[in-house]
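This report concerns only the one structure given below.
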Amino acid sequence: MRMVDIIEKKRDGNELSDAEIRFFVSGYTEGSIPDYQASALAMAIVFRGMNKREIATLTDAMEHSGETIDLSAIQGVKVDKHSTGGVGDKTSLALGPLVAACGAKLAKMSGRGLGHTGGTLDKMESVPGMNIFLTDKQFEDQVNRIGIAIIGQTGEIVPADKKLYALRDVTGTVQSIPLIASSIMSKKLASGSDTILLDVKFGTGAFMKTLEDARELAKTMVEIGDSLHRDTRAILTDMNEPLGLAVGNNLEVKEAIDTLHGHGPKDFVELVTKAGSIMLQQAKIAKTEEEGERMIQKAIEDGSGFRKLLELFQAQGADISYLEHPEKFPVSQYIVPILADRDGYVSRIDSLEIGLASMKLGGGRATMEDKIDMSAGIVLQKKVGDKVNRGEVLAYAHTNKVGCESVFQEIHDAYNLSENEVKMEPIVREYIHK
Ligand code: URA
């Protein structure tokens, strides 16, 4: 088989056979197929697409390009969730403890933040002492004992995606539903959980700009998961403003704590409650959406979700006095109010701009080598739908840097104000399942 024939076949709009797809994935992973041929094929896929069978084969070949995680030593149904990447997305920190408090098993591998999106691991490490590297045995024992562990990726899972995603990033080939779906699903399937809930974001700052595109990506991923016998479901959530109020590492941890104490922002509480209910149904703990939602609400009200957060952090070595007394977290030297320059109603808050601004204030990484300032970020005071008067505070910028005036302006400009009242939409727009 020759790679050039495979590229030409896809370039001309033909279907690739399973053998051709597997030849590409194994050859690219081991290095016998060079980057220039892989990028040509990726570009052909961007333009020509792939059918369901091709996407399922690509996903399966990528999943098995390296180690796969065996979670069979953990008793019960192992649930997992994945977000396609949001701004202010601290969901795992609240949702994980809540579903675990209700009896689900969450053996989760998370990632670090890059660019405008944050990563759960960085947020967890804003609590001193937190250890995100457990051995397989420690990981399994912890989930068996307390129902939850969140760690960094172990071993070499899906090396094909590691190489291909880095290549796509610099060749203009990220934007393709077959490539995004196979990239995400190969990693989720290799991580070994029994069920997967996908939180597919749409809007500015998300991979998918429109609800329609997000729906197509979600359906594609749900079909892949189901065809490979994992209970896979998806929700489509609105990223036309950041999630909740806080963006930035320890700021988001504090918001997750507030949420577990029953004082979370409305959109975040809605997302956690709906997603939690679906995960409890997948774990066969709740029978209906209503029952699942009631269980999550109860775990917030009776404090069991917060106690589970403490157990999780304690088990992984963190100093939980920070969670019990969040005022102990370091606070930025400069907390700068960003003021509205006219009256209006907030119609949209550009998540991409807010995410990038938070990064520039020190709260994120431009490259993987950058160090994060855990206290830096942005705390929104106004959200979509809110009425704003000229001179009122839209948001606070938190930073230890000087000379950030242009960033403050960017935060200001991320707010779109309309003269007319703005209709509020629910954050969870659709639920997709078999
Ligand atoms: N996230 C991934 O893991 N892969 C993609 O291709 C896009 C988003």
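The structure displayed is predicted, hence computed values, not measured ones. Just follow the structure's listing: the first ligand is 1, and inside any ligand the first atom is 1. Numbers here simply count residues along the sequence, with the first being 1.
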When you check the gap from the basic side-chain N to the acidic O, do K188 and D80 get nearer than 4.0 Å? yes

Taking the six-membered ring of Y415, is NZ or CZ of K382 closer than 6.0 Å to its centre and within 45° of its axis? no

Centroid separation under 6.0 Å, is that true for the rings of Y431 and H433? yes

E241 (side chain) donor-acceptor with S351 (main chain) under 3.5 angstrom: no

Any salt bridge between E20 and K10, counting N to O under 4.0 Å? no

Of all heavy-atom pairs between K308 and A100, which one has the smallest distance, and what is that distance? CG-CB, 3.8 Å

Under 4.0 Å from ligand 1, residues with heavy atoms, in chain and number order, are Y165, R168, I180, S183, I184, K187, F207

